Amino acid sequence: MPELPEVETVRQTLKQLVLNKQISDVSVFWDNIIKRPQDPVEFKGWLQGQRLRDIDRKGKFLIFQFDDISLVSHLRMEGKFGLYDSGLPKPKHTHVIFHFTDGTELRYDDVRKFGTMHLFEKGQELKHKPLVLLGPDPFDPLFTLEYFYEKLQKTNRHIKSVLLDQSVVAGLGNIYVDEALYRARLHPERIAKEITFEEASRLKEASAETINKAVKQGGTTIRSYLNGQGEMGMFQQELKVYGKEDTDCTDCGTPIVKLKVSGRGTHVCPHCQPVTH
DNA sequence: CTCAGTACCTGGTTGC
DNA sequence: TGCAACCAGGTACTGA
């Protein structure tokens, strides 16, 4: 499911639904999702009795702020949170349930079981993996052109691979990287250190604008992803290249092409995004 | 150190 | 229709 705009939509929705609820118990059905503390029994012990005070986000991570504990959660490819009445039968792909004292429960569902959860003492989460490894969000004032250009100058990787690197800029995934590169008129296989200052500037602005617009639209819905309230994002209407292979570029009419870059399906307009500049 | 490839999982789609 | 191969919005780890 999730890149930054989808995670932000989940954050806002979930905040309306579960703020101030108190955990009575936690059930864990797939231990590998729990990364810290590693023992699920200990994990449960840390959370019992805690009341949810806020939900933050950094990059693609949700940060649930409880009284004394922070829960850092990554949804990876297919993780979803949803609020339900307790006592219903456990669906096949529910792997963690947070039971609240008011008779509701927050379920974590994840078909592929790739998601992760880390607990920290409150205020410690930014000092440890995984959050400490993250670069700034695309619209963060710390994401400056000077910072970005220097990162690009230092690597031989394809530009797409650098944009996907969460330690450079946090929150872009396969959809928004393809969309940002299209909007900046850059081919995903351009070598990062050969990107000019002017091109880096275009790409930085395109990344922030694409993400900002997607956040406003509630993210992108692909297949059947629904957010915590069952609402769908609308940004898919704005997609120019992602999933548009064999359709005509809206700017020049050339058919969009799908290729593989950095091991990921990648969508480009061969006319608007030439390999050489 | 950098970076491409692989592992982690399940299920839907494609193509023979 | 049957079934194997491939693909999926992500990232951690391995070893060249």
Side-chain angles (χ1 to χ4, degrees), chain A residues 1-11 29-36 38 57-62 72-81 91-96 108-118 128-135 138 151-182 188-189 191-193 207 210-211 214-215 217-227 232-246 258-267:
Chain A
M1 175 245 322
E3 301 178 37
L4 190 157
E6 292 74 39
V7 176
E8 176 61 18
T9 303
V10 170
R11 184 188 76 81
F29 304 101
W30 188 260
D31 291 358
N32 285 349
I33 289 175
I34 310 304
K35 302 298 185 187
R36 186 181 195 271
Q38 265 210 324
R57 179 197 53 71
K58 183 159 171 53
K60 303 173 190 172
F61 289 86
L62 288 168
V72 175
S73 168
H74 197 302
L75 282 49
R76 292 291 179 95
M77 299 289 266
E78 307 206 23
K80 297 167 185 62
F81 280 104
K92 184 177 178 187
H93 297 300
T94 297
H95 307 306
V96 182
Y108 178 71
D109 297 329
D110 188 345
V111 170
R112 293 174 73 182
K113 303 174 176 169
F114 283 175
T116 61
M117 295 186 189
H118 293 75
H128 296 270
K129 284 197 286 191
L131 296 185
V132 74
L133 298 177
L134 292 182
K151 289 282 188 186
L152 298 187
Q153 288 295 104
K154 282 197 295 197
T155 182
N156 284 311
R157 298 151 75 195
H158 292 144
I159 185 61
K160 169 154 183 172
S161 171
V162 180
L163 276 190
L164 284 170
D165 184 341
Q166 304 295 296
S167 73
V168 174
V169 55
L172 299 186
N174 208 34
I175 295 178
Y176 297 111
V177 164
D178 282 5
E179 293 298 315
L181 286 166
Y182 171 80
E189 288 177 306
I191 302 302
K193 69 166 49 161
S207 301
T210 304
I211 291 292
V215 166
Q217 307 227 27
T220 299
T221 306
I222 293 188
R223 291 182 283 180
S224 60
Y225 166 68
L226 302 175
N227 69 23
M232 293 171 43
M234 295 305 290
F235 190 77
Q236 61 273 21
Q237 297 172 178
E238 310 290 330
L239 296 177
K240 300 289 192 184
V241 287
Y242 186 87
K244 299 291 185 183
E245 55 268 33
D246 303 327
K258 183 170 181 183
L259 54 150
K260 190 155 289 218
V261 180
S262 303
R264 310 293 303 273
T266 298
H267 312 75

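Side chains included, hydrogens not; waters and symmetry mates left out as well; all remaining heavy atoms used. Residue numbering restarts at 1 for every chain, and letters A, B, ... go by the order of the sequence lines. These numbers come from a predicted model, not from an experiment.
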Whole angstrom value for the distance that separates [atom2] of [N] from [atom1] of [X]:
{"X": "A/Phe114", "N": "B/dC9", "atom1": "CZ", "atom2": "P", "result": "8 Å"}
{"X": "A/Glu3", "N": "C/dA8", "atom1": "CD", "atom2": "C1'", "result": "12 Å"}
{"X": "A/Lys35", "N": "C/dC13", "atom1": "NZ", "atom2": "P", "result": "9 Å"}
{"X": "A/Lys113", "N": "B/dA7", "atom1": "NZ", "atom2": "C1'", "result": "15 Å"}

When you compare the protein's N or O atoms with those of nucleotides 1-3 of chain B, which come within less than 3.5 Å of each other, and at what distance?
unit_1, atom_1, unit_2, atom_2, d
B/dC3, OP1, A/Thr155, OG1, 3.0
B/dC3, OP1, A/Asn156, N, 3.0
B/dC3, OP2, A/Thr155, OG1, 2.9

(message) Can you give me the dot-bracket string for DNA chain C, 5' to 3', counting Watson-Crick and G-U wobble pairs with both distances under 3.5 Å, using [ ] for crossing pairs and | for partners on another strand?
(response) .|||||||.|||||||

(message) Work out how far the P atom of B/dG5 is from that of C/dC6, and round it to whole angstrom.
(response) 16 Å

(message) Taking the minimum atom-to-atom distance to the side chain of A/Pro130, which one of C/dG10, B/dG11, C/dA12 wins?
(response) C/dA12

(request) Have a look at A/Lys258 and say if it touches a base, only the backbone sugar-phosphate, or nothing, with a 4.0 Å heavy-atom cut-off. (result)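 Sugar-phosphate: the residue A/Lys258, judged by heavy atoms under 4.0 Å, touches backbone atoms but no base.
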
(request) Identify, with sequence neighbours excluded, every residue that meets side chain to side chain contact (heavy atoms under 4.5 Å, CB included) alongside A/Tyr108. (result)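 For A/Tyr108 the side chain to side chain contact (heavy atoms under 4.5 Å, CB included) partners, ignoring immediate neighbours, are A/Ile33, A/Leu75, A/Phe81, A/Val96, A/Asp110, A/Met117.
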
(request) By nearest nucleotide on DNA chain C, pick out whichever of A/Phe61 and A/Gly263 is the more 5' one. (result) A/Gly263

(request) Decide if the gap between the ring center of A/Phe61 and the ring center of A/His74 is smaller than 6.0 angstrom. (result)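 Centroid distance A/Phe61-A/His74: below 6.0 Å, so yes.
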
